[in-house]
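Residue numbers run from 1 in the order of the sequence given. For clarity, every value in this text was computed on a predicted model and none was experimentally measured. Both counts, for ligands and for their atoms, begin at 1 and track the order of listing.
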Amino acid sequence: MGAARIVAFTGAGISAESGIPAFRGPAGFWRNYPPEKLASPQALPSDPRLVWEWYDWRCQVIHKAEPNPGHRALAEIERRARDQFALVTQNVDGLHDRAGSYRIVKLHGDIWQVRCVVCGTEQRNEQVPLEPLPPRCSCGGLLRPAVVWFGKTLPAGAWEQAVEAAQRAEVFLVIGTSALVYPAAGLVQMARHSGARVAIVNPDPTPADELADWILRGQAGEILPRLL
Ligand code: BV8
Ligand code: ZN
């Protein structure tokens with residue numbers, strides 16, 4: 001990642017204006033199952049069909065969604081700032097890629113990647129809707145979304161890159177995250193303690209607010225283009 005001066009750290013809120021429900025908002029994610037229940041290692045073996053219904057439904061919502069001005073503004077900042085900019089996301093929806101961002105650190109994986117629980121083969125799968133559910137690998141094993149479930153560690157390379165970016169940042173933009181999920185949320189404290197100025201872009205208060213030098217109360221799709 002190099003010594004990026006400006007680091008953007010994003011969460012589900014940056015995709016809200018694209019019509020993708022966040023996790024913990026009043027939108028009540030899906031049949032009031034808490035994501036922590038469905039995005040867990042125990043959920044798939046105990047009810048593969050339910051877990052895949054949830055992921056397939058999210059993929060259908062994401063497939064119809066378009067990147068919004070917030071995603072596009074971050075891609076533009078990367079074009080202008082080049083290697084002085086880094087993007088670290090908790091999102092698995094792929095909208096930063098579709099908006100034209102290139103150097104993206106994906107802390108929680110990618111919903112468009114699937115991995116076999118038996119042979120470990122990982123591949124891209126953009127079939128929407130997925131049929132049949134649950135999908136199976138050519139080896140017969142159950143496929144799972146290649147995302148980080150609760151209780152599992154983050155991809156080693158991605159976490160190291162994110163920590164390095166947070167520790168070297170001069171400006172750390174915290175965009176559309178409730179700052180509740182660790183270790184990702186700990187990046188804000190790391191950036192702050194390493195001397196970065198922290199700006200939060202969020203319509204609602206978060207526990208990270210006390211670490212912020214600036215709090216930009218509002219929607220990412222409105223605020224980020226104004227930073228350009
Ligand atoms: C780990 C992928 C251990 C899957 C996800 C108690 C205390 C502290 C920690 C824990 C604890 N109990 C358990 C833990 C650990 C746990 C955790 O942090 N739990 C939380 C809930 C308390 N963490 C883990 O399990 C992690 N692993 O710790 O491993 C370990 C350690 C060593 C060795 C072995 C094991 C793994 C966490 C990753 C889980 N996977 N997603 C999937 O997507 O299906 S997390 C999930 O939450 C998403 O990735 C999401 O990105 C992430 C965080 O949510 P947000 O992105 O912030 O979204 P949210 O809806 O919460 O907030 C949206 C925000 O946007 C709001 O603030 C809203 O106001 C704002 N907003 C809305 N509209 C807009 C907007 N902002 C701007 N513009 C708008 N228009
Ligand atoms: Zn397999």
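- Annotation for ligand 1: atoms under 4.0 Å from non-hydrogen atoms of A16 are 73 (N).
- For the atom pair CD (Q84) and CZ (R168), the distance works out to 11.0 Å, reported to the nearest 0.5 Å.
- Residue contact check: G11 has heavy atoms under 4.0 Å from atoms 56 (O) of ligand 1.
- Closest to atom 42 (C) of ligand 1 by heavy atom, among E17, R58, Q219, H108, is R58.
- Among N91, T153, L216, the residue whose heavy atom sits closest to atom 34 (C) of ligand 1 is T153.
- For ligand 1, the atoms sitting less than 4.0 Å from at least one non-hydrogen atom of K152 are 1 (C), 26 (C), 27 (N), 29 (O), 36 (C), numbered in the order shown with element in parentheses.
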Show your reasoning for whether salt bridge (charged side-chain N to carboxylate O under 4.0 Å, His left out) applies to E222 and R226. CA-CA 7 Å; E222 282 154 31; R226 294 212 302 260; 5.6 Å; no
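- The main-chain N or O of G176 is never found under 3.5 Å from a side-chain atom of N202 such that the two would form a donor-acceptor pair.
- The line from NZ of K106 to CG of L87 is 9.5 Å long, rounded to the nearest 0.5 Å.
- At a heavy-atom cutoff of 4.0 Å, ligand 1 is contacted by the backbone of L180 but not by its side chain.
- Here CD1 of I62 is found 4.0 Å from CD1 of I111. Values are rounded to the nearest 0.5 Å.
- At a 3.5 angstrom cut-off on N or O pairs, L154 does not count as close to ligand 1.
- The existence of a salt bridge linking E76 and R80 is confirmed by a sub-4.0 Å separation between a basic side-chain nitrogen and an acidic carboxylate oxygen.
- Within ligand 1, the atoms closer than 4.0 Å to a non-hydrogen atom of A12 are 55 (P), 56 (O), 58 (O), numbered from 1 in the order shown.
- The distance from atom CG of L38 to atom CH2 of W52, rounded to the nearest 0.5 Å, is 13.0 Å.
- The residue among D93, N68, I223, N202 with a heavy atom at the shortest distance from atom 69 (O) of ligand 1 is N202.
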Applying salt bridge (charged side-chain N to carboxylate O under 4.0 Å, His left out), run through D83 and R103 and close with a yes or a no. CA-CA 9 Å; D83 63 355; R103 295 166 350 126; over 6 Å; no
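- Ring geometry, W149 versus Y55: the interplanar angle falls from 30° to 60°, so the pair is classed tilted.
- In this structure a side-chain-to-backbone donor-acceptor pair under 3.5 Å is present from R217 to D204.
- Note on I14 and L227: same hydrophobic cluster, where clusters join Ile, Leu, Val, Met, Phe, Trp and Tyr whose side-chain heavy atoms are under 4.5 Å apart, directly or indirectly.
- Residue-level proximity to ligand 1 for V181 is carried by backbone and side chain together, each with a heavy atom below 4.0 angstrom.
- When the options R217, E36, Q90 are ranked by their closest heavy atom to atom 21 (C) of ligand 1, first place goes to E36.
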Verdict with reasoning, S18 to L95, per side chain to side chain contact (heavy atoms under 4.5 Å, CB included): CA-CA 9 Å; S18 299; L95 287 188; 3.7 Å; yes
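- With ligand atoms numbered from 1 in the order given, ligand 1 contributes 63 (C), 64 (C), 65 (O), 76 (N), 77 (C) to contacts under 4.0 Å with heavy atoms of G176.
- Against a heavy-atom cut-off of under 4.0 Å, D204 is close to the following atoms of ligand 1: 69 (O).
- By the 3.5 Å distance cut-off applied to N or O atoms, V148 is counted among the residues near ligand 1.
- Between K37 and D47 there is no salt bridge, since no side-chain nitrogen of the basic residue lies less than 4.0 Å from a carboxylate oxygen of the acidic one.
- Of the candidates G13, P183, G109, it is G13 that places a heavy atom closest to atom 72 (C) of ligand 1.
- Both the backbone and the side chain of T177 come within contact range of ligand 1, each with a heavy atom under 4.0 Å.
- Taking CH2 of W112 as the start and CD of E126 as the end, the distance is 6.5 Å to the nearest 0.5 Å.
- Of the possible donor and acceptor atoms, none in the side chain of N125 sits under 3.5 Å from a partner among the backbone N and O of Q113.
- Nearest heavy atoms, R79 versus G100: NH1-O, 4.5 Å.
- At a heavy-atom distance under 4.0 Å, only side-chain atoms of A39, from C-beta outward, approach ligand 1.
- If you check each of S178, P205, P41 against atom 62 (O) of ligand 1, the one with the closest non-hydrogen atom is S178.
- To the nearest 0.5 Å, atoms CG (D93) and NE2 (H71) are separated by 5.5 Å.
- Every atom of ligand 1 is numbered from 1 in the order shown, and the set under 4.0 Å from a heavy atom of G151 is 24 (C), 25 (O), 27 (N), 29 (O), 35 (C).
- Nearby protein atoms of type N, O or S around the Zn ion (ligand 2) amount to 4 (distance under 2.8 Å).
- Here is the list of ligand 1 atoms found below 4.0 Å of a heavy atom in Y55: 4 (C), 42 (C), 44 (O).
- At a 4.0 Å heavy-atom cut-off, ligand 1 touches A220 through backbone and side chain alike.
- The shortest separation from a heavy atom of P203 to ligand 1 is under 4.0 Å, placing the residue in contact.
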